[in-house]
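Below is one structure, written out as structure tokens, with a few remarks after it.
No experiment lies behind these values; they were computed from the predicted model shown.
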Amino acid sequence: MGRSRTFAPHATYCFGVLISRSISLAVVGATGLVGEAGLEKLAATGLSFSQVHALASTESAGKRIEFGDRLLKVAELASFDFSQAEVALLVVPPAVSLEHARRAAEQGCLVLDLSGVWLADGSVPIWSERALMQDPEILQQHRLISVLAGAPAIVAEFVAALSELPLQRIGCTSLMPASFGGRAVLEDLARQTARLLNSQEAEPTVTPVQYAFSLLAAGSASLGSGALAPAQSLQLALARSPASA
């Protein structure tokens, strides 16, 4: 699976449909797996960005990462002034979004959050292609928007398509890639694999049980801080998504 597939298509759709001029962009979580995929995807769209700020933790500050034919120097998220950017794309764990999303919005930035943590806040609108069709002014009316991504975005469209049928209950099984847990889970998976191939105990450090060569993961606990529990985010998204209305 290519890295770009881990990036929410609704976020790219948002930029492609609504941005008709060159803007300044901040990508929060730029050095993570999804952040790297997001930069790659946005660079490939051919959209014009007057400036792109790559933001990450203190440990990653100063690194250089690619954005198309440019090299971006990673800046520290904690001290960044979001008034320097018109749009901020947050591809970070929920705890990081809770700490910085409101600050970015208060500094005048349009914040598109992919963490899912704001799904539980009724004052924060949900973004999806269907939401755009129903309310095209959504990006002008709000500064913080929760982008429907991953399984919730896909399932919401199916629910909308089935809404005319006399169904009382729908069951959903979501199969997540290992990359959903972020770089730490992938590194732990690689470490387990190497140990098992050398006839050693897996000794998982991030996931609660052996992850390598397992048919089933350990559930939401194995996802670390990379995202909300899948069942939780799916229920919240479907409860509020325009596609399910």
Side-chain angles (χ1 to χ4, degrees), residues 1-97 99-101 103-104 107 109-116 127 145 147 149-150 153 176-191 193 206 223-227:
M1 179 178 291
R3 288 186 308 168
S4 61
R5 297 182 183 223
T6 66
F7 184 64
H10 290 312
T12 305
Y13 182 83
C14 165
F15 284 108
V17 171
L18 296 175
I19 295 176
S20 58
R21 60 178 178 80
S22 181
I23 66 162
S24 54
L25 170 70
V27 177
V28 183
T31 58
L33 290 178
V34 182
E36 290 178 352
L39 286 169
E40 180 182 325
K41 193 77 170 179
L42 290 171
T45 63
L47 295 171
S48 176
F49 297 100
S50 59
Q51 193 168 10
V52 179
H53 302 276
L55 308 178
S57 64
T58 303
E59 292 76 12
S60 297
K63 291 182 178 179
R64 302 276 181 176
I65 57 176
E66 293 183 357
F67 180 72
D69 57 358
R70 297 190 240 177
L71 274 181
L72 306 177
K73 184 177 180 180
V74 178
E76 184 181 18
L77 168 61
S79 59
F80 182 74
D81 179 4
F82 280 94
S83 65
Q84 300 179 62
E86 295 172 78
V87 178
L89 184 64
L90 270 62
V91 284
V92 292
V96 179
S97 180
E99 183 178 356
H100 296 284
R103 175 172 70 87
Q107 291 178 350
C109 204
L110 170 62
V111 180
L112 304 177
D113 177 71
L114 274 67
S115 75
W127 169 261
I145 297 173
V147 178
M176 303 292 186
S179 59
F180 188 75
R183 193 182 303 278
V185 168
L186 288 184
E187 291 175 348
D188 191 28
L189 175 59
R191 187 166 46 250
T193 302
V206 177
L223 298 177
S225 61

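The nearest pair of heavy atoms linking Gln51 to Arg70 is CA-NH1, 4.4 Å. Taking both residues in full, the closest heavy atoms of Ala54 and Ile65 are given as CB-CD1, 3.7 Å, listed atom of the first, atom of the second, then distance. The minimum heavy-atom distance between Ser22 and Ser50, with the atom names listed, is OG-N, 2.8 Å. Closest approach of Leu77 and Arg103 over heavy atoms only: O-NH2, 3.0 Å. Contact between Ala75 and Ala61 at its shortest, heavy atoms only, is C-CB, 4.3 Å. Smallest separation of non-hydrogen atoms from Ala85 and Leu25: CB-C, 4.2 Å.
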For Leu72 and Val27: C-alpha separation, side-chain torsions, deciding distance, then whether side chain to side chain contact (heavy atoms under 4.5 Å, CB included) applies. CA-CA 11 Å; Leu72 306 177; Val27 177; over 6 Å; no
**Request:** Assess whether side chain to side chain contact (heavy atoms under 4.5 Å, CB included) is satisfied between Leu110 and Phe82, documenting all intermediate values.
**Result:** CA-CA 10 Å; Leu110 170 62; Phe82 280 94; over 6 Å; no
Q | Derivation of the side chain to side chain donor-acceptor pair (under 3.5 Å) call for Glu76 and Thr58 | A | CA-CA 5 Å; Glu76 184 181 18; Thr58 303; 2.6 Å; yes
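Of the candidates Asp113, Leu114, Val147, Val91 forms a side-chain contact (heavy atoms from CB on, under 4.5 Å) with just one, namely Leu114.
Side-chain N or O atoms of Ser24 include one that pairs as donor or acceptor with a backbone N or O of Glu86 at under 3.5 Å. Not a single donor-acceptor pair under 3.5 Å links the side chain of Ser60 to the backbone N or O of Ser57.
Distance CG/Leu39 to CD/Glu66: 10.5 Å, rounded to 0.5 Å. One distance of note links CG of Leu90 with NE2 of His100; it measures 9.0 Å at 0.5 Å rounding. Atom-to-atom distance recorded for Leu55:CG and Leu89:CG is 10.5 Å, nearest 0.5 angstrom.
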